[in-house]
Amino acid sequence: MDVTQQQLIKIMPNARSLAGVFVSALNSAMSRYRIETPKRIAAFLAQVGHESGQLRYVRELGGDQYLSKYDTGSLAARLGNTPQADGDGQKYRGRGLIQITGHDNYLRCSLGLFGDERLLALPELLEQPQWAAQSAAWFWEQNGLNELADRDQFNSITRRINGGLNGLEERLKLWARAKEVLCQPSI
């Protein structure tokens, strides 16, 4: 099942013209990673919509001070970044429609998408619509989110993506719109 640009705009009205930029990339990514039923697509688009500010952001916002949390300390270590203050936090900041963050996640994503380590050298690839969408769908599949979507376990999906329930109210609004647009029976 492919999503149309008009459906994407109904689900994410703030996306506006970006819906046209992303619709083909999203359809390709969803097809590749078996996000192909109305329930799966609705849950995926709701999460992507929240994580990307309705397709407006494919790169984590924040300056050097904010991103320094990824550069040194325990979070940096968990993400596989070097312990030195060497810019890893900036280089491997969150990118994509569901933000891939940290050296080790970039490596896993790169191996999954390309079969090589190119994202370690070119992390900005995840800012391009095709790879922003592919990385999000790859993450979705790697974390077993299709199965959770099949069972309407939206809060569990949110926790796997975000680590908590950050932004749940907006995610639920996007999910409700997506279900309304995509899950209506044909007449």
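Heads up: numbering here begins at 1 and tracks the sequence.
Residues L120 and F139 share a single hydrophobic cluster, defined by chaining ILVMFWY side chains whose heavy atoms lie under 4.5 Å apart. W175 and I9 fall into different hydrophobic clusters, where Ile, Leu, Val, Met, Phe, Trp and Tyr residues are linked whenever their side-chain heavy atoms come under 4.5 Å apart, directly or through other members. No continuous path of hydrophobic side-chain contacts links M12 to L172 [ILVMFWY only; heavy atoms under 4.5 Å]. Under a hydrophobic clustering in which Ile, Leu, Val, Met, Phe, Trp and Tyr are joined whenever their side-chain heavy atoms come within less than 4.5 Å, directly or via other members, Y57 and V21 fall into different clusters. No chain of hydrophobic side-chain contacts below 4.5 Å, direct or via other Ile, Leu, Val, Met, Phe, Trp or Tyr residues, connects L165 to F44.
You'll find the ring centres of F114 and W138 outside the 6.0 Å limit.
With R171 contributing its side chain and N166 its backbone, the two residues share a donor-acceptor pair below 3.5 Å. Here the side chain of N27 pairs a donor or acceptor atom with the backbone of V23 at under 3.5 angstrom. Using modelled atom types, one side-chain atom of R56 and one backbone atom of G53 make a donor-acceptor pair closer than 3.5 Å. For D71 (side chain) and G87 (main-chain N/O), a donor-acceptor pair under 3.5 Å exists by modelled atom type. At distances below 3.5 Å, at least one donor-acceptor pair connects side-chain atoms of S110 with backbone N or O atoms of L119. Remark: side-chain polar atoms of E51 are not paired, donor with acceptor, to backbone N or O of I98 under 3.5 angstrom.
Summarising the geometry of L55 relative to A15, their closest heavy-atom pair is CD1-CB, 3.9 Å, with the distance given to 0.1 Å. In this structure, A42 and C183 approach most closely via the heavy-atom pair CB-SG, 4.5 Å. Across L148 and S156, no two heavy atoms sit closer than the pair CD1-CB, 4.0 Å. Taking every heavy atom of both residues into account, A149 and W140 meet most closely at CB-CZ2, 4.2 Å. Residues S135 and L126 approach most closely at CB-CD2, 3.6 Å, considering heavy atoms.
Interatomic distance, Q6 CD to I11 CD1, rounded to the nearest 0.5 Å: 11.5 Å. Rounding to the nearest 0.5 angstrom, the gap separating the CD1 atom in I161 from the CG atom in L145 is 5.5 Å. Rounded to the nearest 0.5 angstrom, L8 CG and K10 NZ are separated by 12.0 Å. Annotation: the span from Q90 atom CD to Y70 atom OH amounts to 11.0 Å, rounded to 0.5 Å. Rounded to the nearest 0.5 Å, atoms CZ (F154) and CG (L168) are 7.0 Å apart. With values rounded to the nearest 0.5 angstrom, Q142 atom CD is found 10.5 Å from N105 atom CG.
Under the 4.5 Å side-chain criterion, counting only non-hydrogen atoms from C-beta, I157 is in contact with Q47. Contact annotation: the side chain of Y33 approaches that of Q134 to within less than 4.5 Å [non-hydrogen atoms, C-beta and beyond]. You'll find the side chain of P13 reaches within 4.5 Å of the side chain of R177, heavy atoms only. Proximity of T82 to H103: side-chain heavy atoms (C-beta onward) are nowhere separated by under 4.5 Å.
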**OP:** Kindly indicate, with the supporting measurements, whether the criterion side-chain contact (heavy atoms from CB on, under 4.5 Å) is fulfilled by H50 and E170.
**Re:** CA-CA 7 Å; H50 175 77; E170 182 192 7; 2.7 Å; yes
**OP:** Begin from the C-alpha positions of T37 and D150 and carry the test side-chain contact (heavy atoms from CB on, under 4.5 Å) through to its verdict.
**Re:** CA-CA 9 Å; T37 67; D150 292 344; 4.2 Å; yes
Subject >> Derivation and outcome, side-chain contact (heavy atoms from CB on, under 4.5 Å), residues R40 and M30 >> reply: CA-CA 9 Å; R40 290 177 178 188; M30 290 187 298; over 6 Å; no
Subject >> Intermediate values then yes/no, side-chain hydrogen bond (donor to acceptor under 3.5 Å, both in side chains), S28 and Q130 >> reply: CA-CA 8 Å; S28 174; Q130 175 185 1; over 6 Å; no
**OP:** Using the side-chain contact (heavy atoms from CB on, under 4.5 Å) rule, take F22 and Q5 through it: C-alpha gap first, then chi angles, then the decisive distance, then the call.
**Re:** CA-CA 9 Å; F22 279 96; Q5 181 177 344; over 6 Å; no
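Classification of K173 and E169 as a salt-bridged pair holds, one side-chain N sitting under 4.0 Å from a carboxylate O. A salt bridge does not link E141 with R32: none of the charged nitrogens is closer than 4.0 Å to a carboxylate oxygen. Salt bridge present: D152 and K39 bring a charged side-chain N and a carboxylate O closer than 4.0 Å.
Residues in residues 84-111 take part in these salt bridge (Lys or Arg N to Asp or Glu O under 4.0 Å) pairs, two or more places apart or across chains: R95-E127. Counting only residues at least two apart or on different chains, the side chain to side chain donor-acceptor pair (under 3.5 Å) pairs with a member in residues 116-125 are D116-R118.
Partner of Y92 under the side chain to side chain contact (heavy atoms under 4.5 Å, CB included) criterion, out of I100, N81, L79, L67: N81 alone.
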